Amino acid sequence: MTTSSSERGVSLGMPELPAPAYPDDVRARLETDARAIVARYPDSRSALLPMLHLVQSEEGHVTRTGMQFCAETLGLTTAEVTAVATFYTMYRRKPSGDYQVGVCTNTLCAVMGGDAIFEELQEHLGVGNGETTADGKVTLEHIECNAACDFAPVVMVNWEFFDNQTPESARRMVDDLRAGRPVAPTRGAPLCTFKETARILAGFPDEREGAVEATGSAGPASLIGLKLAKGEAAPARVVHPRGEAPQDAPPHDPSPTEHLSSHDAPQDTSASDPAHPSPTTTRDGEAAPRPSGSAGPTAEEGE
């Protein structure tokens, strides 16, 4: 008796079937939008990035059908389109949630609590990196940098900022997203779904009332470099000896509109907390006793 290759579990290397076509009404709508996108560029192939956002706005991720549509519209091969779609992480290759929750785990956000936030959300949502909750609401991922280090740790939802987060605040936020309760970013436009965000990224106007007027800004720590580059003098900063407060400076009471960074508040670290001083060492590398009642460096350390 002979055994067929399929019964033995042997793959014959059959080619993948062609991607299914969009329904006629969907294709007609996408073709209208695609013509508007292509018209912005002198060379049609330059329209590929917004075209990929366009097809992503249709199904929530970039499908083989979407890539085939881009190739046919722009006169490219599917291999050329696939190479771009797989290079940029903003293009999803599998179904994902209505809300993409990205936790920055790059250096500063990580040490300020980003790692703890990511671990908390994985356990709370029951998903791993790049996975989506069973209700299809939230896709969780760690990302390398949100470019908002002065508000670390930062979480983004569909590319909108949620600054100065904690594990508790991030957990409440994803719970609200899943329950359909209103969730407002720290700055920037109001939240919309990932599909709606993809359409905006394709270059189409955000027609929601008040969305365009909503805005956000970098914090003081980010803007100081720009001010220096423009020739503006940096404000003088007086550093007082540890443990001594300035005698003539009134306490700062921030206004409700002032958006302070988490770095504006003293942190319980060895550098700023006399109750937890850093260990000192001798020149030979051995630990030296800390003088009683002293929180500052020893003479050996200062040499």
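Quick caveat, the model's predicted, so the values are computed rather than measured.
Between the side chain of N158 and the backbone N or O of D98 there is at least one donor-acceptor pair closer than 3.5 Å. Judged purely by atom type and a 3.5 angstrom limit, T139 uses its side chain to pair as donor or acceptor with the backbone of G97. Looking only at distances, no side-chain donor or acceptor of T65 sits under 3.5 Å from a matching main-chain atom of A19. Side-chain atoms of N129 come within 3.5 Å of backbone N or O of H142 as a donor-acceptor pair.
Within the 4.5 Å cutoff, the side chain of L30 has heavy atoms near those of the Y22 side chain. The side-chain heavy atoms of Y41 and P50, taken from C-beta on, include a pair separated by under 4.5 Å. Using a 4.5 Å heavy-atom cutoff, the side chains of M67 and V81 are in contact. For the pair K195 and Q56, the minimum side-chain heavy-atom distance is 4.5 Å or more. Residues W159 and L201 form a side-chain contact, since some pair of their non-hydrogen atoms from C-beta on lies under 4.5 Å apart. Side-chain contact between H61 and F194: absent, with no pair of heavy atoms (C-beta onward) separated by less than 4.5 Å. Side-chain contact between V183 and F162 is present, with heavy atoms from C-beta onward closer than 4.5 Å. At least one side-chain heavy atom of P190 sits less than 4.5 Å from a side-chain heavy atom of R208.
R40 forms a cation-pi arrangement with F204, by the criterion of a distance under 6.0 Å to the ring centre and an angle within 45° of the ring axis.
Remark: D135 pairs with R178 by the salt bridge (charged side-chain N to carboxylate O under 4.0 Å, His left out) rule, at least two apart or across chains.
Considering OG1 of T89 and CD of E144, their distance stands at 9.5 Å, rounded to 0.5 Å. Distance check, rounded to the nearest 0.5 Å: OG1 of T132 to CG of L140 gives 9.5 Å. Rounded to the nearest 0.5 angstrom, C192 SG and I200 CD1 are separated by 4.0 Å. The distance from the CD atom of E168 to the NE2 atom of H124 is 11.5 Å, given to the nearest 0.5 Å.
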* To do: Let me see the working for H53 and Y91 under ring-ring contact (aromatic ring centres under 6.0 Å, His included), right down to the final yes or no.
  => CA-CA 7 Å; H53 283 300; Y91 301 123; 4.7 Å; yes
* How far apart are the C-alpha atoms of E160 and L191, what are their side-chain angles, what is the distance that settles it, and do they pass the side-chain contact (heavy atoms from CB on, under 4.5 Å) test? -> CA-CA 7 Å; E160 299 295 348; L191 281 183; 3.9 Å; yes
* Report the C-alpha distance between L121 and V101 in whole Å, list the side-chain angles of each, state the deciding distance to 0.1 Å, and finish with yes or no for side-chain contact (heavy atoms from CB on, under 4.5 Å). => CA-CA 10 Å; L121 291 184; V101 177; 4.2 Å; yes
* To do: Given side-chain contact (heavy atoms from CB on, under 4.5 Å), test Y88 with L49 step by step and report yes or no.
  => CA-CA 9 Å; Y88 293 103; L49 295 182; 3.7 Å; yes
* Asked: N146 and C109: side-chain contact (heavy atoms from CB on, under 4.5 Å), yes or no, with the steps?
  -> CA-CA 9 Å; N146 280 325; C109 277; 5.7 Å; no
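Classification of E58 and R29 as a salt-bridged pair holds, one side-chain N sitting under 4.0 Å from a carboxylate O. The pair E80-R45 meets the salt-bridge criterion, since a charged nitrogen lies less than 4.0 angstrom from a carboxylate oxygen. Classification of R199 and D33 as a salt-bridged pair holds, one side-chain N sitting under 4.0 Å from a carboxylate O. Residues R27 and E72 are paired through a salt bridge, judged by an N-O separation under 4.0 Å between the basic side chain and the carboxylate.
Note: the hydrophobic cluster containing V26 also contains F69 (ILVMFWY, side chain heavy atoms under 4.5 Å, direct or indirect links). I117 and M112 end up in different hydrophobic clusters when Ile, Leu, Val, Met, Phe, Trp and Tyr side chains are linked at under 4.5 Å. Cluster annotation: V138 is not connected to I143 through the hydrophobic network of ILVMFWY side chains, with a link wherever side-chain heavy atoms come within less than 4.5 Å.
The only member of Q165, R172, R171 that meets side chain to side chain donor-acceptor pair (under 3.5 Å) when paired with S169 is Q165.
Counting non-hydrogen atoms of other residues, nucleotides and ligands closer than 6.0 Å to CD of E209 gives a total of 12 or fewer.
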